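What's counted below: heavy atoms across the whole structure, side chains too, no hydrogens, waters or symmetry copies. Everything numeric in this text was worked out from a predicted model, so none of it was measured.
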Amino acid sequence: MERVCIVGAGVIGSLFAGHLAQVCDVSVLTRRREHAEALNRDGLRVSGKSERDARVTATADPADLPPFDVAIVATKASGLDAAAEALEGRYPEATVMTVLNGIGAEEVVRRHGDWPIVSAVTFMSGTRHSDTHVEYILDTETWLGPYEDTPFETACDIADTIVESGLKAEALPDLRPAQWSKLIFNA
């Protein structure tokens with residue numbers, strides 16, 4: 001994976017963007033135009049458990065996104081449908097990875113496209129200081145696995161790139177136990 005689009009630039013999306021920009025071309029789809037402008041102007045700073053200054057290409061308009069190999073959807077559950085709708089009809093060759101709390105994100109994404117889907121859960125966390133600065137606080141693994149008939153190798157390739165970027169990740173053939181674990185933890 002050489003080109004990644006992060007959909008949702010909150011704490012988790014920013015942590016992925018700031019790290020992956022060290023090894024990939026990263027674009028970011030934000031909800032607000034002002035957020036995208038700030039990222040384009042100032043870049044993205046990650047502090048705390050790792051120190052990164054990253055250049056990303058950001059936009060609030062999905063029509064302006066450059067082509068990508070993988071989209072990592074890191075929105076809150078309440079923003080998932082709008083995020084998946086923004087990708088609808090675009091980048092049919094891409095893989096979409098969901099990284100949200102709870103169960104069922106994949107079904108929401110599936111309603112908007114036929115992309116290969118990789119499911120993920122993460123326990124990493126941070127603090128958002130501004131649109132362009134996030135502090136990395138808890139550096140735990142992201143677990144990911146294939147959804148439906150997406151090949152396990154796709155999840156492995158994404159996990160390898162995440163690890164290469166300096167984050168922790170592990171691909172699992174069946175993510176459901178990890179998803180339920182995270183759901184129970186959050187409850």
- request: Would you give the length of the straight line joining atom OG1 of T122 to atom CG of L167, rounded to the nearest 0.5 angstrom?
  value: 8.0 Å

task: Tell me, please, which residues at least two apart from D61 pass side-chain contact (heavy atoms from CB on, under 4.5 Å).
output: T59, A63, D64

L87 side chain reached by V7 side chain, heavy atoms, under 4.5 Å: yes

message: I need the full list of side chain to side chain donor-acceptor pair (under 3.5 Å) pairs touching residues 153-166, with sequence neighbours left out, sorted by first then second residue.
response: none

Side chain proximity check, R52 to R45, heavy atoms < 4.5 angstrom: no

task: Apply the test side-chain contact (heavy atoms from CB on, under 4.5 Å) to residues I72 and V96: give CA-CA distance (whole Å), side-chain angles for both, the deciding distance (0.1 Å), then the verdict.
output: CA-CA 6 Å; I72 297 177; V96 175; over 6 Å; no

- prompt: Within a radius of less than 6.0 Å around CD of E93, do more than 12 heavy atoms belonging to other residues, nucleotides or ligands occur?
  reply: no

field: Rounded distance (nearest 0.5 Å) linking atom CG of L144 with atom OG1 of T150
entry: 11.5 Å

message: Which heavy atom of A83 sits nearest to which heavy atom of T75, and what is that distance?
response: CB-CG2, 3.8 Å

field: Value rounded to 0.5 Å, distance of CG in D174 from OH in Y147
entry: 12.5 Å

query: Quick one: salt bridge (charged side-chain N to carboxylate O under 4.0 Å, His left out) partners of K76, sequence neighbours excluded?
result: none

For A36 against A60, the heavy-atom pair lying closest together: CB-N, 3.8 Å

message: If the condition is salt bridge (charged side-chain N to carboxylate O under 4.0 Å, His left out), which residues does D42 pass it with, not counting sequence neighbours?
response: none

statement: Between V11 and S125, the two heavy atoms sitting closest are CG1-C, 4.2 Å

query: Can you name the salt bridge (charged side-chain N to carboxylate O under 4.0 Å, His left out) partners of D53, sequence neighbours left out?
result: none

Within-4.5 Å side-chain heavy-atom neighbours: W115 and T95: no

- prompt: If you look only at pairs with a residue in residues 12-33, which of them pass as a ring pair (Phe, Tyr, Trp, His ring centres under 6.0 Å), with sequence neighbours excluded?
  reply: H19-Y136

- request: Under the side-chain contact (heavy atoms from CB on, under 4.5 Å) rule, collect the residues that match up with E37, sequence neighbours excluded.
  value: R33

statement: Those residues at least two apart in sequence (or on a different chain) that pass side-chain contact (heavy atoms from CB on, under 4.5 Å) with D69 are E2, R3

query: With side chains defined as the heavy atoms from C-beta onward, is the minimum distance between M124 and I12 less than 4.5 Å?
result: yes

field: Closest non-hydrogen atom pair, E170 against L172
entry: OE2-CD2, 3.5 Å

- prompt: Taking C-beta and beyond as the side chain, do V121 and V99 meet within less than 4.5 Å on heavy atoms?
  reply: no

query: Within the distance-only criterion (no hydrogens, no angle test), does the side chain of T98 pair as donor or acceptor with the backbone N or O of A105 below 3.5 angstrom?
result: no

task: Sequence neighbours left out, what pairs pass salt bridge (charged side-chain N to carboxylate O under 4.0 Å, His left out) with at least one residue falling in residues 110-126?
output: D81-R111, R110-E148

query: Who are the ring-ring contact (aromatic ring centres under 6.0 Å, His included) partners of F68, not counting sequence neighbours?
result: Y91

task: Starting from the C-alpha separation in whole Å, work towards a yes-or-no answer on side-chain contact (heavy atoms from CB on, under 4.5 Å) for L39 and R41.
output: CA-CA 5 Å; L39 287 169; R41 181 185 62 243; over 6 Å; no

Partners meeting ring-ring contact (aromatic ring centres under 6.0 Å, His included) with H35 (sequence neighbours left out): none

message: Just so I know, are the side chains of T127 and V134 near enough to count as touching, which here means a heavy-atom distance under 4.5 Å?
response: no

message: Between K168 and T142 (side chain of the first, backbone of the second, donor and acceptor by atom type, cut-off under 3.5 Å), is there such a pair?
response: no

message: Do S27 and V4 have side chains that approach each other closer than 4.5 Å (heavy atoms only, starting at C-beta)?
response: no

- prompt: Do V26 and V163 sit in the same hydrophobic cluster, where Ile, Leu, Val, Met, Phe, Trp and Tyr count as joined when their side-chain heavy atoms come under 4.5 Å apart?
  reply: no

message: Just by distance, no angles: are the side chains of S119 and E106 close enough, under 3.5 Å, to form a donor-acceptor pair?
response: yes

Those residues that, when tested against N40, pass side-chain contact (heavy atoms from CB on, under 4.5 Å) (two or more places apart): A58

statement: Residues A86 and P62: closest non-hydrogen pair is O-CB, 3.3 Å

query: Going through the distances and angles, do I158 and M97 end up as a side-chain contact (heavy atoms from CB on, under 4.5 Å)?
result: CA-CA 9 Å; I158 295 170; M97 181 175 109; 3.7 Å; yes

- request: Using a 4.5 Å cut-off on heavy atoms from C-beta on, say whether the side chain of P146 contacts that of V118.
  value: no

Side-chain donor or acceptor of S14 paired with backbone N/O of A9 under 3.5 Å: yes

statement: Residues G18 and A54: closest non-hydrogen pair is O-CB, 3.8 Å

